[in-house]
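Remember, predicted model here, so these are calculated numbers, not experimental data.
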Amino acid sequence: MNYKNVNDYEVLYLIEDENDSYKNILYDKYRPVVINLCNKYINEYNNFSVDREELFQEAFIGLDYAISHFDFNKDVKFITYCILCIESKIKDYFNKLYRKKNLIHINSVSLDDTLVDYAVESFRADFINEEEVIKFKNSLNDIESWIFELRFNGFSCKEIASLLDIALSSIYFYLKKIKSKYNTIFCL
């Protein structure tokens, strides 16, 4: 079917009169627009792992929204409204990906956690007496000292983050600094 001859407004009127079977005409007509917009954003956000099928579904949801909510009384062309709705859904998709990517990064338990566990065990084994533990603890700043003491006494990184109301990634950062200071003082 040649969609260039299809009048969007006539089809929209038919759809508005409760005849949703005509939506497929607009879906087919605007499929190239959806594909072009999806490809544009895939290229723009090439650092994201994109599920193309999911992205196309979101874009078609935007197209469906445009078809269902187009207001004839507004002084806007359907194509303009359609592109805005599709782009909005595509941007929502990438925003969700971005949040999910960061959430995975924030909540991930990396190999650093295993290394920190090993470091705590080596702390315990390397300190000959309580005086050395106190000496090392006093060489740390306040936050490092608190984290060291809690970790030394067997608290998990998540528990420490919760107790001190600090992000889990910050706990890992401080533990790396503590390990570095430990190596500087005791492993010369």
Taking atom CD1 of Ile178 and atom OG of Ser139, what is their separation to the nearest 0.5 Å? 9.5 Å
Check: Tyr30 ring centroid to Phe78 ring centroid under 6.0 Å: yes
For salt bridge (charged side-chain N to carboxylate O under 4.0 Å, His left out), just list the numbers for Lys137 and Glu144, CA-CA rounded to whole Å, side-chain angles, deciding distance to a tenth of an Å, and then say yes or no. CA-CA 8 Å; Lys137 186 175 176 261; Glu144 292 169 346; over 6 Å; no
Hey, any chance Phe94 and Ile61 share a hydrophobic cluster, counting ILVMFWY side chains that come within less than 4.5 Å of each other, even indirectly? no
Passes side chain to side chain contact (heavy atoms under 4.5 Å, CB included), Tyr93 versus Asp51? Steps please. CA-CA 10 Å; Tyr93 173 81; Asp51 181 350; 3.8 Å; yes
Measuring from Cys38:SG to Gln57:CD, what's the distance to the nearest 0.5 Å? 10.5 Å
Going from CG on Asn24 to OH on Tyr27, what distance comes out if it is rounded to the nearest 0.5 angstrom? 7.0 Å
Taking C-beta and beyond as the side chain, do Ile166 and Ile143 meet within less than 4.5 Å on heavy atoms? yes
Rounded distance [0.5 Å steps], CD1 in Ile35 versus CD1 in Ile42: 10.5 Å
Looking at Tyr41, I'd like to know if its OH atom is crowded, meaning that more than 12 non-hydrogen atoms belonging to other residues, nucleotides or ligands lie closer than 6.0 Å. yes
Can you list the steps and then say if Asp92 with Glu58 is a side chain to side chain contact (heavy atoms under 4.5 Å, CB included)? CA-CA 9 Å; Asp92 285 347; Glu58 288 295 317; 5.6 Å; no
Side chain to side chain contact (heavy atoms under 4.5 Å, CB included) assessment of Ile160 paired with Trp146: CA-CA 9 Å; Ile160 295 170; Trp146 298 332; over 6 Å; no
Do Leu164 and Tyr174 belong together in a cluster built from hydrophobic side chains that touch within less than 4.5 Å? yes
State, yes or no, whether a side-chain contact exists between Phe60 and Lys89 at a heavy-atom distance under 4.5 Å. no
I want to check something: taking the side chain as every heavy atom from C-beta on, are Ile15 and Leu26 in contact at a cut-off of under 4.5 Å? yes
Taking the ring centre of each residue, are Phe70 and Phe72 less than 6.0 Å apart? yes
So, Asp71 and Tyr81: side-chain donor and acceptor under 3.5 Å apart, yes or no? no
Any side-chain heavy atom of Cys82 sitting closer than 4.5 Å to one from Leu63? yes
Rounded to the nearest 0.5 Å, how far does NZ of Lys177 lie from CG of Leu140? 9.5 Å
CG-OG distance between Leu168 and Ser156, expressed to the nearest 0.5 angstrom: 8.5 Å
Is there a path from Ile67 to Ile79 through hydrophobic residues (I, L, V, M, F, W, Y) whose side chains come within less than 4.5 Å of each other? yes
Between Arg52 and Asn39: side-chain donor-acceptor atoms closer than 3.5 Å: yes
Main-chain N/O of Leu84 paired with Ser88 side-chain donor or acceptor, under 3.5 Å: no
